[in-house]
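Predicted model only: the values in this text are computed from it and were never measured.
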Amino acid sequence: MTNKNIDEFIHNHKELVDNWYSKWKNDIRCKLPSCFVVTDAEIDSEITAQCIYLAKLFKGGSYVAYCNEFVTKRALNTFFDEYRKLNHAAIVESI
């Protein structure tokens, strides 16, 4: 990651956390299967990871708007990748 990308993330991180993380967290939680338990801390961590990833790709404009467009989609893809790896038959048997 270049210094410019790091600076973009650092400069906007407080705004993202204060104004967007709660919305993104709710959007993600609403779209996850109810049987897939993910903590708020895990969601926050994945949001941060995705914001950092997006900073690497960011070419200009509004970084906040860029994150707002892509962060929930990318985080959901990551969570669904993990969900697909679970042995769902074992989960059903344990209920």
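Considering CG of N77 and OG1 of T72, their distance stands at 9.5 Å, rounded to 0.5 Å. The NZ atom of K56 sits 12.5 Å away from the SG atom of C51 when rounded to the nearest 0.5 Å. If you take CZ on F58 and CD on E8, they are separated by 4.5 Å, rounding to the nearest 0.5 Å.
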Donor-acceptor pairs under 3.5 angstrom involving side-chain atoms of residues 14-22: please list them, not counting sequence neighbours.
unit_1: K14; atom_1: NZ; unit_2: D18; atom_2: OD2; d: 2.6
unit_1: Y21; atom_1: OH; unit_2: T48; atom_2: OG1; d: 2.7

Got a list of side-chain donor-acceptor pairs under 3.5 Å for residues 28-37, not counting sequence neighbours?
unit_1: R29; atom_1: NH1; unit_2: V38; atom_2: O; d: 3.0
unit_1: R29; atom_1: NH2; unit_2: V38; atom_2: O; d: 2.9
unit_1: R29; atom_1: NH2; unit_2: D40; atom_2: OD1; d: 2.8

Q: Give the C-alpha distance, both sets of side-chain angles, the deciding distance and a yes or no for ring pair (Phe, Tyr, Trp, His ring centres under 6.0 Å) between F70 and Y66.
A: CA-CA 7 Å; F70 295 107; Y66 184 65; 5.4 Å; yes
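In the model, E42 has a side-chain atom that pairs as donor or acceptor with a side-chain atom of T39 under 3.5 Å.
In this pair, F9 and H13 present their aromatic rings tilted. The plane angle is within the 30 to 60° band.
For Y53 (side chain) and V71 (main-chain N/O), no donor-acceptor pair under 3.5 Å exists by modelled atom type.
Between A75 and Q50, the closest heavy-atom pair is N-CG, 3.9 Å.
A side-chain contact (heavy atoms from CB on, under 4.5 Å) with W24 holds for exactly one of L76, I43, I47; it is I47.
Salt bridge K23/D27: present, at least one basic N to carboxylate O contact under 4.0 Å.
For residues 64-80, no pair satisfies salt bridge (Lys or Arg N to Asp or Glu O under 4.0 Å), with sequence neighbours left out.
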